[in-house]
Enquirer: 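First the structure, then my questions, so here it is.
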There are 2 protein chains.
Amino acid sequence: MTSPHRPATLDDVARLADVSRSTASRVVAGTGFASPAARERVRAAVDRLGYAPNPAARALARSAGVRLVVAVSGATRDVLDDPYVDRVVGAAAAACAPYPAGVVLHWLPLHDPAALGRVAEDRGVAGVVLVNTTEPLLDAIPARLRGRVASIGIGSATVPSFDVDNAGGASQIVHHLYASGRRRIAMVTGPRWLSCAGRSVGAYRRIMRAAGLPVRLVTGDFTAARGRAAAGELLARWPDTDAVFAVSDLTALGVIAGLRETGVRVPGDVAVAGFDDIPHAALSSPGLTTASHPVGPIAAAAATAVLEGRPVAPVTSFPSTLVRRTSA
Amino acid sequence: MTSPHRPATLDDVARLADVSRSTASRVVAGTGFASPAARERVRAAVDRLGYAPNPAARALARSAGVRLVVAVSGATRDVLDDPYVDRVVGAAAAACAPYPAGVVLHWLPLHDPAALGRVAEDRGVAGVVLVNTTEPLLDAIPARLRGRVASIGIGSATVPSFDVDNAGGASQIVHHLYASGRRRIAMVTGPRWLSCAGRSVGAYRRIMRAAGLPVRLVTGDFTAARGRAAAGELLARWPDTDAVFAVSDLTALGVIAGLRETGVRVPGDVAVAGFDDIPHAALSSPGLTTASHPVGPIAAAAATAVLEGRPVAPVTSFPSTLVRRTSA
DNA sequence: TTGAAAGCGCTAACAG
DNA sequence: CTGTTAGCGCTTTCAA
């Protein structure tokens with residue numbers, strides 16, 4: 001049945017089901033009591049009218065928000081240009097469909113802990129999904145946001161974490177490099193301020209030490225440009241390096257480009273591995289060996305957790321699986 | 001001034017400014033009359049209280065929506081996985097920040113024109129941004145959505161179009177290929193059902209005919225997998241092909257991969273050009289020659305147009321600029 | 001188990 | 001130019 005012009009309201013449903021608006025509300029929202037009979041009649045009416053609650057009205061009455069903020073911290077506004085961020089937003093926006101909310105993208109300047117406070121002021125905010133979460137940020141979660149924040153990355157007592165098993169993934173990569181005969185394995189890390197990236201570094205360190213191999217670290221920032229530069233730095237400092245593990249595919253691709261520019265063959269002279277398995281990793285040549293991470297599902301889970309508002313496990317870990325291609 | 005606990009409402013502002021709620025509303029919303037004096041007092045109160053309108057309440061009163069739907073048509077739900085779609089959603093989500101709306105991502109099954117109607121039923125919808133717009137879709141815009149739809153691609157009398165100059169971009173590419181000595185230029189197109197892709201095909205056809213060169217078309221679908229396959233088909237049908245223009249970078253990258261697998265050198269034997277300039281086009285090797293398109297700004301413009309609700313030009317064209325790298 | 005009634009915060013006629 | 005008066009559609013006590 002196509003509604004004529006004005007979409008059905010709860011009143012229409014109540015009238016058709018011959019119950020009060022309150023009862024209809026309870027049934028539709030799935031909250032509170034209702035006799036099976038009433039429940040059934042309301043259900044039928046909803047179907048017949050093609051009724052869908054008005055998100056704005058609902059949000060207003062519940063004094064809840066209508067916007068799910070994806071907040072990305074970083075030094076400059078450019079962090080928003082990352083395809084990874086787009087992926088997160090895309091997945092969150094798809095996850096929003098069943099809920100009365102939509103996604104807004106925000107930049108959280110790294111050294112402005114009050115930024116999140118300003119986001120919280122906005123009564124339109126249903127919740128926040130943090131990307132590139134830092135410790136200071138977790139310490140500065142505004143009280144108003146309690147229970148409506150999730151983090152893609154590190155979490156805290158009050159902020160559930162949805163993240164990939166960084167340490168496990170990094171171990172797999174390093175072990176793979178080692179197993180294929182590499183011994184001078186360098187690592188291009190994430191930015192210093194991002195502590196979840198630290199877990200991969202820890203794993204790398206542990207393995208290298210255990211094997212009695214040298215630890216060679218260069219700080220990166222997840223960009224391709226940085227990878228290209230890092231390649232030069234690495235070669236200058238440790239000319240005998242025979243493998244590079246970059247904690248971002250983009251960076252790894254940059255490393256490969258940089259290496260090649262100076263005549264180094266990949267993987268012949270130096271093996272290169274990345275992290276994340278972005279779509280392009282499969283297409284580059286050589287194909288990039290990396291760890292595959294379900295970014296979409298992670299983002300969807302975080303978004304759903306916030307939207308549902310129910311308590312969730314403090315940490316939800318997603319698997320990191322090694323993808324062997326030809327670069328390493 | 002940090003608000004104590006409960007964020008300020010319009011009533012608080014009105015009280016502090018010593019005007020009626022209506023006057024305060026008029027000033028804040030920038031609609032209707034108000035004496036300079038009143039205006040000033042309200043402004044001050046807003047500042048002092050850190051007042052921000054409640055989007056849900058506003059949407060409810062105006063009976064407007066709170067969600068900006070990015071609707072992507074395609075054969076299967078997989079179209080949503082495209083990085084291009086993510087880019088559009090990301091830009092739209094950033095553009096939403098100043099408005100009381102958030103982005104939701106929807107799939108419009110290709111052969112279900114009623115799908116958009118269902119989206120329109122939802123009173124929570126502020127507007128729709130169409131991606132991969134088809135003619136049948138434009139013909140089936142529900143009346144309820146009139147004036148709140150924009151298209152990234154082809155438009156119509158009632159739906160403004162925000163798009164790149166496809167024909168111009170394609171011409172540049174083909175001319176570049178021709179100028180660099182290629183004469184057996186094949187093209188991997190977009191899917192048949194997508195007519196805006198047709199404009200690039202038209203441009204290609206025109207140039208080839210004018211130059212007395214053979215037209216060689218293979219249908220694609222914007223994916224890398226298709227590109228890989230297309231490479232084989234091309235070579236089988238027209239072994240002397242010396243250049244391929246794919247209307248998608250992903251496809252072009254696939255073509256390169258496919259070509260290489262069969263021992264063909266790029267750009268030595270066959271030059272390959274793409275379209276869009278995705279982030280990875282710069283990183284592949286050889287670097288992909290392509291046309292750069294401001295997807296972010298296009299999406300932001302479309303989103304803003306819908307959100308503003310003001311009439312806009314029927315067609316807003318964005319430039320396509322040739323980016324010469326090494327693949328062609 | 002149900003319904004009546006009172007808002008949630010804002011906008012929009014319509015008198016003054 | 002300004003204030004009064006009704007709602008927008010839904011949730012939620014509180015009695016019945």
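Here is how names work: the chains are called A, B, and so on, in the same order as the sequence lines, proteins then strands, and each is numbered from 1.
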Enquirer: Does the pair A:Val85 and A:Val79 meet the rule for a side chain to side chain contact (heavy atoms under 4.5 Å, CB included), with working shown?
Expert: CA-CA 8 Å; A:Val85 169; A:Val79 284; 5.6 Å; no
Enquirer: Nearest 0.5 Å please: distance from the CG atom of A:Leu130 over to the CG atom of A:Leu138.
Expert: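 The CG atom of A:Leu138 is 6.5 Å from CG of A:Leu130, to the nearest 0.5 Å.
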Enquirer: Would you please test A:Thr9 and A:Asn54 for side chain to side chain contact (heavy atoms under 4.5 Å, CB included) and show each step?
Expert: CA-CA 8 Å; A:Thr9 73; A:Asn54 179 328; over 6 Å; no
Enquirer: If the condition is salt bridge (Lys or Arg N to Asp or Glu O under 4.0 Å), which residues does A:Asp165 pass it with, not counting sequence neighbours?
Expert: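 Listed in chain order: nothing, the list is empty.
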Enquirer: Rounded to whole Å, please give me the gap between CG in B:Leu60 and C1' in C:dG9.
Expert: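 That distance rounds to 9 Å.
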Enquirer: If you assign each of B:Ser63 and B:Ala34 to its closest nucleotide in DNA chain D, which residue comes earlier from the 5' end?
Expert: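 Per heavy-atom nearest nucleotide, the more 5' residue is B:Ala34.
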Enquirer: For B:Ser151, give me all partners under side-chain hydrogen bond (donor to acceptor under 3.5 Å, both in side chains), at least two apart in sequence or on another chain.
Expert: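 B:Ser151 satisfies side-chain hydrogen bond (donor to acceptor under 3.5 Å, both in side chains) with B:Thr133 once adjacent residues are dropped.
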Enquirer: Below the 4.0 Å mark, does C:dT2 have OP1 or OP2 next to a side-chain nitrogen or oxygen of A:Ser35?
Expert: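 Looking at the OP1 and OP2 atoms of C:dT2, one of them is under 4.0 Å from a side-chain N or O of A:Ser35.
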Enquirer: Nearest whole angstrom, please: distance from the P of D:dC8 to the CG of A:Asp12.
Expert: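 Atom CG in A:Asp12 sits about 11 Å away from atom P in D:dC8.
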Enquirer: Heavy atoms under 4.0 Å is the rule here; annotate nucleotides 10-16 of chain C 5' to 3' with B where the base is hit, S where only the sugar-phosphate is, and - elsewhere.
Expert: BBBB---
Enquirer: By the 4.0 Å heavy-atom rule, please label A:Ala38 as base, sugar-phosphate, or nothing.
Expert: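 Contact class for A:Ala38: sugar-phosphate only.
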Enquirer: For side chain to side chain contact (heavy atoms under 4.5 Å, CB included), just list the numbers for A:Phe162 and A:Val312, CA-CA rounded to whole Å, side-chain angles, deciding distance to a tenth of an Å, and then say yes or no.
Expert: CA-CA 10 Å; A:Phe162 293 80; A:Val312 291; 4.3 Å; yes
